[in-house]
Amino acid sequence: MKDKIRIAVIGCGRFSPSFVPLFKAHPAVEEVYVCDLKRERAEDFAQRFGVKIIDSFEDALASERINCVAVFTQRFAHGKMVIEALKAGKNVYSAVPCTIDYEDIAEIADLVRRTRLTYSMGETGFYRAATIFCRRKFLCGSFGQFVYGEAQYNHDIRNMEMSFRSSGGEEWRKYAGIPPLFYPTHSTSMILGAMPGVYAKRVTAFGFAGSRRTDIFGREGQNLYDNPFSNTAMMLELSNGGIARISENRCIGWKAPETYITQFYGDCGGYEFSVARHSFATWDPENDHNVIMRDVTKECQPSSVYELIEKDYDKAVAAIGNGIGFTESAPVQPTARLPKEFDGMPNGHNGTHQFLVDDFCRAYTTGKLSPTNIWQVARFNYPGLLGHQSAMQGGRVLDVPDIGDPPEDWEVLPWDR
Ligand SMILES: NC(=O)c1ccc[n+]([C@@H]2O[C@H](COP(=O)([O-])OP(=O)(O)OC[C@H]3O[C@@H](n4cnc5c(N)ncnc54)[C@H](O)[C@@H]3O)[C@@H](O)[C@H]2O)c1
């Protein structure tokens with residue numbers, strides 16, 4: 001029988017506090033360690049969450065007791081750390097993105113294929129209510145043949161300053177200027193995550209280089225990437241013939257929701273979302289000339305948000321902007337599959353965190369692949385990495401690499417049960 005999970009959480013910054021208690025509570029986990037270059041952060045976590053400290057990432061990799069690591073370092077650092085961890089024989093949970101260097105992706109897949117270690121990337125977009133709604137309807141054929149979809153991740157730099165300052169200090173702007181498409185997975189995962197097996201074949205992208213934030217975005221060393229774009233939009237030609245428009249915006253007059261599907265159309269059905277309300281349409285099977293339109297908000301919003309929408313729409317919109325429902329689940333999310341130990345525990349990013357921890361733990365325990373395994377998340381990451389190159393070349397159409405489907409003899413865990 002497999003050992004229980006003994007996991008070291010690497011990086012005690014702003015995001016991982018939402019995950020340490022979940023790892024600790026999961027029935028497959030025996031021990032949680034925390035680690036940070038800033039020792040005081042690890043000490044604070046150890047005290048707050050009642051977990052042990054491991055001195056360094058290298059010590060975690062060298063430890064015979066620790067069998068898993070969870071990488072919660074800054075967004076540019078994941079790829080190389082994941083590769084090192086897999087080489088050291090550790091199972092890996094990684095925060096998004098997978099990597100900002102597209103060559104890492106094939107290496108991670110190769111290591112996972114050879115070692116059969118667990119790799120799971122914690123993509124919140126995969127479990128957002130809209131993605132699940134569209135995935136369910138797509139898989140049962142309600143959309144018919146997919147033709148066009150749109151998703152975006154809008155997060156203004158003004159609301160990200162604290163996150164970048166957390167590790168970047170006074171130099172935070174240099175990190176904040178990371179190309180928006182180096183962090184594409186919240187939006188790509190919503191369209192591609194709704195259509196398992198589908199991937200992008202070609203990309204063309206355009207960037208907005210006229211941001212007023214010249215302290216952050218520009219080619220002249222304002223940031224570590226010589227990145228001029230605060231906002232980038234890309235068009236993807238998909239393997240099923242459909243088209244997707246994805247945009248990543250860092251200077252934008254918008255608050256919440258941050259990540260959402262605006263449109264998802266097939267030739268037999270369509271989904272749209274606007275601020276609070278979700279709509280779904282299908283051709284009437286009994287009348288060839290009629291389309292049945294439905295409001296599906298009740299399925300896709302947490303009950304508290306839905307009730308407010310019904311009572312006072314203006315108030316609901318304002319409340320959504322202020323984060324109402326951010327930690328709650330919607331009826332469409334398959335919460336029944338989660339361990340009972342998670343009942344009543346925090347579940348941020350619209351009720352998604354618990355699924356991500358559970359997927360990693362179930363994948364490790366069963367030896368099956370996590371739904372967000374490397375083959376799946378490669379398809380969320382590649383389009384952005386290539387899309388940025390396209391935008392830097394004025395929208396040149398580029399081929400998007402694909403590492404294919406998971407090995408045939410390696411079953412993927414169901415995401416809904
Ligand atoms: N919705 C989402 O999925 C979502 C939301 C927020 C953040 N994130 C991701 O989570 C990650 C962490 O974000 P954050 O806001 O907590 O960042 P942060 O800068 O606050 O924290 C990162 C921490 O990692 C530590 N660290 C860096 N290198 C290390 C090393 N080698 N060994 C030990 N510690 C090390 C830093 O000292 C810092 O405390 C980012 O990659 C971000 O993209 C994802």
Side-chain angles (χ1 to χ4, degrees), residues 8-20 22 33-46 53-63 66 69-85 88 90 92-100 120-128 131 153-155 159-169 171-172 174-176 178-190 193 248 250 256-260 323 326-327 346-357 359-360 372 377 380-381 384:
V9 173
I10 313 296
C12 303
R14 291 168 59 84
F15 192 45
S16 58
S18 302
F19 288 82
V20 172
L22 293 175
Y33 295 77
V34 290
C35 169
D36 201 290
L37 292 175
K38 295 182 173 154
R39 176 83 190 184
E40 66 281 8
R41 291 187 176 179
E43 281 168 4
D44 173 49
F45 270 42
I53 294 177
I54 180 95
D55 286 338
S56 69
F57 177 55
E58 292 71 25
D59 285 355
L61 299 194
S63 162
I66 291 167
V69 297
V71 177
F72 279 91
T73 55
Q74 299 92 306
R75 56 191 67 193
F76 57 79
H78 305 160
K80 301 289 182 272
M81 292 181 84
V82 166
I83 288 169
E84 270 189 72
K90 305 302 175 193
V92 183
Y93 176 99
S94 172
V96 303
C98 176
T99 176
I100 62 165
S120 187
M121 190 189 84
E123 178 46 67
T124 45
F126 190 80
Y127 282 107
R128 295 252 185 187
T131 317
Y153 172 46
N154 294 329
H155 203 159
N159 287 332
M160 297 171 97
E161 178 172 339
M162 291 311 290
S163 303
F164 284 109
R165 265 189 192 279
S166 163
S167 292
E171 295 278 278
W172 71 273
K174 290 198 182 316
Y175 297 94
I178 189 168
L181 286 182
F182 280 13
Y183 195 88
T185 60
H186 292 337
S187 49
T188 52
S189 65
M190 297 195 88
E248 289 285 335
R250 304 293 174 262
E258 297 166 357
T259 325
Y260 51 101
F326 187 72
T327 59
N347 198 3
H349 286 90
N350 297 99
T352 59
H353 292 181
Q354 296 184 0
F355 292 108
L356 307 179
V357 170
D359 277 349
F360 172 79
T372 52
V377 305
F380 301 160
N381 280 260

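Note that ligands are numbered from 1 as they come in the structure, with each ligand's atoms numbered from 1 the same way. Side chains included, hydrogens not; waters and symmetry mates left out as well; all remaining heavy atoms used. As the structure is a computational prediction, the values presented were derived from the model and not from experiment.
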Tabulation required: pairs of a nitrogen or oxygen in ligand 1 and a protein nitrogen or oxygen under 3.5 Å; columns are atom names and distance to 0.1 Å; otherwise 'none'.
unit_1   : atom_1 : unit_2 : atom_2 : d
ligand 1 : 1 (N)  : T124   : OG1    : 3.2
ligand 1 : 1 (N)  : H186   : NE2    : 3.4
ligand 1 : 1 (N)  : H349   : NE2    : 3.2
ligand 1 : 16 (O) : R14    : N      : 2.9
ligand 1 : 16 (O) : F15    : N      : 2.8
ligand 1 : 19 (O) : S167   : OG     : 2.5
ligand 1 : 20 (O) : R14    : N      : 3.0
ligand 1 : 20 (O) : S166   : OG     : 2.5
ligand 1 : 34 (N) : L37    : N      : 3.2
ligand 1 : 37 (O) : D36    : OD1    : 2.6
ligand 1 : 39 (O) : D36    : OD1    : 3.3
ligand 1 : 39 (O) : D36    : OD2    : 2.6
ligand 1 : 39 (O) : R41    : NH1    : 2.6
ligand 1 : 41 (O) : T73    : O      : 2.9
ligand 1 : 41 (O) : R75    : N      : 3.3
ligand 1 : 41 (O) : H78    : NE2    : 2.8
ligand 1 : 41 (O) : V96    : O      : 3.3
ligand 1 : 43 (O) : V96    : O      : 3.0
ligand 1 : 43 (O) : Y183   : OH     : 3.4

Report task. Have a look at R75 and tell me which of I100, I178, T99 forms a side-chain contact (heavy atoms from CB on, under 4.5 Å) with it. Result ->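 Filter result, single survivor: I178.
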Query raised in the report: Name the one of L356, T372, V69 that satisfies side-chain contact (heavy atoms from CB on, under 4.5 Å) with Y93?
Result: L356
Requested in this report: Examine distances only and state if a side-chain atom of D59 and a backbone atom of I54 form a donor-acceptor pair shorter than 3.5 Å.
Outcome: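 Here the side-chain-to-backbone pair does not exist.
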Report task. Please confirm whether the backbone N or O of C12 pairs with a side-chain atom of D36, one donor and one acceptor, at under 3.5 Å? Result -> yes
Query raised in the report: Residues two or more places apart in sequence or in another chain: which of them pass ring-ring contact (aromatic ring centres under 6.0 Å, His included) with H186?
Result: Y153, Y183
Query raised in the report: Are the side chains of F326 and N350 in touch, meaning some heavy atoms are under 4.5 Å apart?
Result: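 F326 reaches N350 side chain to side chain.
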